[in-house]
Amino acid sequence: MASFLDNDIKFLHGVGERRAILLGKELGISTLRDLLYYFPFRYIDRTKIYKISEVRDDGQTYIQLRARIEGVSLQGGGGRKRLVAVVSDGTGTAELVWFSGIKWIEKRLEAGREYVIFGRPNFYREELSLVHPEMEPVTAALTRPSGMQGVYGTTENLSSNQLGTKGIYNLECNLWQVAESHIVETLPPEILRAHGLIPLKEALYNIHFPQNPEVLRKAEYRLKFEELLGIQLSILSQRAGRTSKNNGFLFSRVGPAFNEFYNSRLPFPLTGAQKRVIKEIRADTVTGHQMNRLLQGDVGSGKTLVALMSMLLAADNGFQSCMMAPTEILARQHYATLVRMLGDMSVRVGILTGSSTAKERKALLPALEAGEIDILVGTHALIEDTVRFANLGFVVIDEQHRFGVEQRARLWTKNQQPPHVLVMTATPIPRTLAMTLYGDLDVSVIDEMPPGRKPIKTVHMRDSQRLRVFGFMADEIRKGRQVYVVYPLIQESEKMDYKDLQDGFEAISRQFPLPEYVTTVVHGKMKPADKEANMKLFKEGIAHIMVATSVIEVGVDVPNASVMVIESAERFGLSQLHQLRGRVGRGADQSYCILMSGDKLSREAKARLNAMVATNDGFELSELDLKLRGAGDLNGTQQSGLAFELKIANLGKDTQIIEVARETAQQILEEDPLLRQPKNALLATLKERYSSKREMDFSMIS
Ligand code: ADP
Ligand code: MG
């Protein structure tokens with residue numbers, strides 16, 4: 001049923017063809033509804049006006065002044081040219097500074113005129129300044145509909161087409177004029193009543209133009225609830241669909257592969273947790289339904305072994321398996337581990353990565369299609385169309401946060417029936433959250449480390465303490481241990497990062513000279529063969545120190561390594577730091593993680609590093625991570641594997657609403673599984689809306 005709100009955004013007053021294209025490209029806004037559901041990411045309290053004399057250097061993020069321009073001047077030259085306006089409000093003076101867009105700004109500043117000035121306060125020698133503040137002549141500023149003004153996310157490209165945050169705000173005002181009468185309630189009255197929710201129209205109005213903080217909170221709650229309820233209805237319906245179908249492969253027998261491995265090849269007794277998870281997987285694969293299981297286990301908890309034993313179970317029942325890893329190094333490591341553990345057993349293992357040669361592919365692919373390979377390990381290369389299995393029955397995805405939903409979905413089409421799926425991650429999150437993020441799945445947890453592990457000691461050191469760190473590294477090497485030194489690698493500044501790595505490598509080689517010490521280096525730009533040769537030096541204990549980028553983040557297994565030095569640790573995310581730390585502490589010796597950073601740290605970076613020092617518990621850290629990052633970041637990261645985009649709910653902060661929404665959805669579906677009752681018509685529509693958004697999700701195989 002087409003609604004007025006489905007109209008193309010280009011028809012809105014103030015948009016037009018050209019900006020419509022921009023809005024679509026930059027923000028995914030193509031209809032009136034899209035714009036209506038494009039919410040501010042924060043609000044400025046425009047009711048408070050500071051006096052210049054009362055602004056303190058106390059970390060205030062934004063302030064608003066009302067002051068007169070005394071004078072405007074161009075200062076500096078060449079690349080340092082800037083526009084400076086001095087303003088005064090009778091209690092003091094402040095400087096406003098612009099470094100770009102100078103011409104445009106200059107035309108709009110009028111000496112002697114009074115402005116409302118909004119921006120972030122800086123102090124230099126006790127003098128207040130604001131860089132690139134927002135300016136509005138006083139008359140205009142005082143006619144706004146509400147004291148709290150939304151700030152909308154925008155992009156550089158949009159800003160230079162008059163669609164900065166203010167431009168978008170203006171469009172929202174225009175939109176409201178025409179859209180208001182077309183807003184139709186999406187939730188049934190009983191739900192509104194039961195949960196104390198305000199009507200949709202009121203919520204949408206106040207999310208854009210809040211009349212006061214209290215009604216803004218109600219608006220947010222209502223819209224979050226609606227979003228999360230829609231998602232939960234969609235996930236739970238899918239689950240019902242999956243478990244009502246009998247199209248899951250049956251692994252009914254425990255055969256020679258599993259038994260031989262278990263009885264005579266297992267290098268150590270399984271931990272209780274590993275046993276429990278293998279039992280859970282076994283139970284899942286005899287139900288006749290397809291398994292969708294998330295295996296959470298901290299770094300080093302022994303997930304690989306669980307994966308291997310599950311794949312042996314598949315082999316015993318005549319099915320092939322594949323194991324997908326996010327990096328070439330990790331895939332090769334898994335391959336080596338599996339081959340080593342299987343020894344001379346008759347299970348056939350293959351490997352396929354982006355750097356497999358044409359010749360290797362020619363040997364591998366026909367064998368795979370003929371069913372002559374039981375387990376195929378690899379990277380993204382596994383999802384290519386040319387990769388055909390004879391009978392794929394089990395899929396393992398390692399370190400799942402690195403894969404997008406779409407990539408996962410492509411694996412399932414490789415057999416007529418969907419394979420069982422085991423997703424393994426070292427970034428544990430609460431079950432409800434996991435389901436909200438990744439769709440319909442069951443969760444297993446390995447909550448027990450292999451015996452004999454000593455907790456890793458973590459310290460935070462400043463760059464100025466580097467000599468002490470070098471001394472410590474030398475001590476450990478003298479004891480026969482090995483050391484990792486890791487540098488961050490961030491796409492935007494790749495060049496500089498590689499330079500840092502190169503400089504670091506040289507400094508360490510100077511500090512730890514041949515022939516007494518051997519230092520090796522591994523990073524993503526190396527040829528795979530070189531990479532492997534250098535890794536081998538370290539694995540075999542020939543190299544004492546390995547300098548690397550975060551390519552070693554996952555999977556590298558060198559039990560003799562006891563020190564992990566992380567350079568510029570403030571630039572890594574919490575889960576990445578925890579992953580890296582997990583590279584040590586795998587042997588019987590005391591291990592150490594040294595977080596190096598500069599002196600100046602943001603509050604969040606400090607919180608991350610402190611948390612790393614305080615705990616080794618991955619669960620605790622990932623909860624904190626979610627809190628620190630919030631969903632904004634989660635949504636923005638394609639690697640997060642999100643099955644849909646959230647408009648307003650924050651998965652880190654709104655856990656309580658998630659729970660309520662989930663319970664509500666459960667109750668509704670219990671009574672009316674297909675949402676066919678008239679009173680649930682609105683909910684059926686809501687569910688559909690979120691189901692189509694999630695259609696690439698891997699739980700939607702049919
Ligand atoms: P992760 O869960 O991080 O993938 P791995 O599977 O790489 O962990 O296992 C980490 C290390 O622990 C490996 O060296 C592995 O051989 C070892 N390991 C796994 N299970 C056990 C066990 N039950 N007892 C002792 N060591 C184990
Ligand atoms: Mg692993």
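Positions are given from 1, in the same order as the sequence printed here. Ligands are counted one by one from 1 in listed order, and the atoms in each one are counted from 1 as well. Note that the coordinates shown come from a computational prediction; the quantities given were computed from them, not determined experimentally. Hydrogens, waters and symmetry mates are skipped; everything else that's a heavy atom, side chains included, is used.
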Describe, in one word, how the ring planes of [X] and [Y] are oriented to each other, choosing from parallel (under 30°), tilted (30 to 60°) and perpendicular (over 60°).
X      : Y      : result
Phe470 : Phe512 : perpendicular
Phe251 : Phe394 : tilted
Tyr517 : His544 : perpendicular

>> Taking Arg265 first and then Asp344, would you say they form a salt bridge - that is, a charged N and a carboxylate O separated by under 4.0 Å?
In response: yes

>> Using a 4.0 Å cutoff against the non-hydrogen atoms of Val299, which atoms of ligand 1 qualify?
In response: 3 (O)

>> Closer than 4.0 Å to some heavy atom of Thr271 - which atoms of ligand 1 meet that?
In response: 23 (N)

>> I'd like to know if Gly300 contacts ligand 1, where contact means a heavy-atom distance under 4.0 Å to any ligand atom.
In response: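 A heavy atom of Gly300 does come that close to ligand 1.
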
> At the 4.0 Å heavy-atom cut-off, does Gly452 count as touching ligand 1?
Replying inline: no

> So which of Arg453, Arg583, Gln296 gets nearest to atom 12 (O) of ligand 1, if we judge by its closest heavy atom?
Replying inline: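 Result: the heavy atom closest to atom 12 (O) of ligand 1 is in Arg453.
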
> Quick one: which of Arg340, Lys275, Lys303 has a heavy atom closest to atom 2 (O) of ligand 1?
Replying inline: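 Looking at heavy atoms only, the winner is Lys303.
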
> Asn560 and Gln482: side-chain hydrogen bond (donor to acceptor under 3.5 Å, both in side chains), yes or no, with the steps?
Replying inline: CA-CA 6 Å; Asn560 191 49; Gln482 289 166 280; 3.0 Å; yes

Ligand 1 versus [X], non-hydrogen atoms closer than 4.0 Å: side chain, backbone, both, neither?
X      : answer
Met424 : neither
Asp298 : backbone
Pro559 : neither
Leu270 : backbone

> Are Arg276 and Glu448 close enough, and set up right, to give a salt bridge (Lys or Arg N to Asp or Glu O under 4.0 Å), and what steps lead you there?
Replying inline: CA-CA 11 Å; Arg276 190 184 66 237; Glu448 182 187 354; 5.9 Å; no

> Under 3.5 Å, side chain of Asn534 to main-chain N/O of Val521, donor-acceptor pair present?
Replying inline: yes

> Any nitrogen or oxygen of Pro450, main chain or side chain, under 3.5 Å from a nitrogen or oxygen of ligand 1?
Replying inline: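 No, Pro450 has no N/O under 3.5 Å of an N/O on ligand 1.
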
>> Suppose we call two aromatic rings close when their centres sit under 6.0 Å apart. Are Tyr487 and Phe505 close by that rule?
In response: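 Not under 6.0 Å, so no.
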
